[in-house]
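Here is the structure we will look at, set down as structure tokens.
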Amino acid sequence: MTFKSGFVAILGRPNVGKSTFLNHVMGQKIAIMSDKAQTTRNKIMGIYTTDKEQIVFIDTPGIHKPKTALGDFMVESAYSTLREVDTVLFMVPADEARGKGDDMIIERLKAAKVPVILVVNKIDKVHPDQLLSQIDDFRNQMDFKEIVPISALQGNNVSRLVDILSENLDEGFQYFPSDQITDHPERFLVSEMVREKVLHLTREEIPHSVAVVVDSMKRDEETDKVHIRATIMVERDSQKGIIIGKGGAMLKKIGTMARHDIELMLGDKVFLETWVKVKKNWRDKKLDLADFGYNEKEY
Ligand SMILES: Nc1nc2c(ncn2[C@@H]2O[C@H](COP(=O)(O)OP(=O)(O)OP(=O)(O)O)[C@@H](O)[C@H]2O)c(=O)[nH]1
Ligand SMILES: [Mg+2]
């Protein structure tokens, strides 16, 4: 039996469900998810391996019109996957009409000359008639290799989509060991889990202004716990106040919820210490971006 493998990028506007899809396929949380646009900021691999095949999914930041240097980094790293993959999953939501954002992506997809599968997500939110007209509309914009409607949240048709990808794989190497599920180190996943809780618990400009850095992470032999120190960066003093909350209540909530997810991921008891720091306008400062994990060299 020959082994098959390939790289598959998941591209689309922010908030369409790319990370939800990746996590559903992987059966665990690799990429954080939220109802806020621009949740994902770095490319992140989900490595799906069976005894016959390895599909390396690359989840990407939602493509939008960037307003900051961080936004430039995000959009460029999403588009950079077009040079790296065998197939693109272009994800659009079933419940929102095609817009300028989609058209912009379609132009880039056409130029890239990579096979593109249109994935219409969130079918649980629409009537079948609306789904059909959505498919028709997109079908007229470019040539898709396949069109697959799914619900990443509920899981409908997700395995069908994986089957279609498998059928189209070429013979190839197993690029990563069978037990490796992503390309990022644990520290990155830990920082993302803290950021996810901030996204879930805060509103308006705060989710966009937050970065999380893990300062240290080591096992404490005495307590038999993994001791993690993480700093939550914000852009203004007022934001620091909100993150800390009355009597530290918000920071405590963020820490408790994040610790729960981190313990699940590590399979270990965790002691999580969180700090909040202000870094004025970090989203537009190249040095800060690199320090916080948004490094141009990555793409
Ligand atoms: N109803 C419904 N909601 C979904 C579905 N898939 C994702 N969502 C929701 O859509 C929101 C965005 O999901 P994400 O997976 O974070 O979206 P994303 O495309 O990765 O977003 P960015 O990282 O910002 O580009 C979350 O609130 C999800 O729960 C779906 O199939 N049905
Ligand atoms: Mg995402």
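Indexing begins at 1, ligand by ligand and atom by atom, following the structure's order. No hydrogens, no waters, no symmetry mates; every other heavy atom, side chains included, goes into these values.
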Margin query: Suppose we only count N/O/S atoms under 2.8 Å; would Thr40 qualify as near the Mg ion (ligand 2)?
Written below: yes
Notebook entry, point to check: So among Arg283, Lys280, His208, Lys279, which one has a side-chain hydrogen bond (donor to acceptor under 3.5 Å, both in side chains) with Glu235?
Noted result: Arg283
Check: Given His200, Lys122, His24, Met74, which has its nearest heavy atom closest to atom 8 (N) of ligand 1?
Finding: Lys122
Check: Which of the atoms of ligand 1 are close to Lys125, meaning less than 4.0 Å from one of its heavy atoms?
Finding: 1 (N)
Next item on the list: Consider only side-chain N and O atoms of Glu84 and Thr81, and report whether a donor and an acceptor are under 3.5 Å apart.
Entry: no
Next item on the list: Heavy-atom contacts with Met33 under 4.0 Å: which atoms of ligand 1 show up? List them by number with element.
Entry: 16 (O)
Check: Does a donor on one side chain and an acceptor on the other come within less than 3.5 Å for Asp215 and Thr231?
Finding: yes
Check: Does a side chain donor of either Lys18 or Asn121 reach within less than 3.5 Å of an acceptor in the other side chain?
Finding: no
Next item on the list: Pick, from Thr40, Leu153, Asn23, Asp59, the option with the minimum heavy-atom distance to atom 5 (C) of ligand 1.
Entry: Leu153
Margin query: For atom 25 (O) of ligand 1, what is the closest protein heavy atom, and at what distance to 0.1 Å?
Written below: Lys18 NZ, 2.8 Å
Notebook entry, point to check: For ligand 1, does Asp124 get within less than 4.0 Å through its side chain, its backbone, both, or neither, judged by non-hydrogen atoms?
Noted result: side chain
Margin query: Heavy atoms only, cut-off 4.0 Å: how does Ala31 contact ligand 1, side chain, backbone, both, or neither?
Written below: neither
Item checked: Metal site the Mg ion (ligand 2): N/O/S of Thr39 inside 2.8 Å -> no
Check: For the ring pair Tyr175 and Phe7, is the centre-to-centre distance below 6.0 Å?
Finding: yes
Check: Near Gln38, which atoms of ligand 1 are under 4.0 Å from a heavy atom of that residue?
Finding: 24 (O)
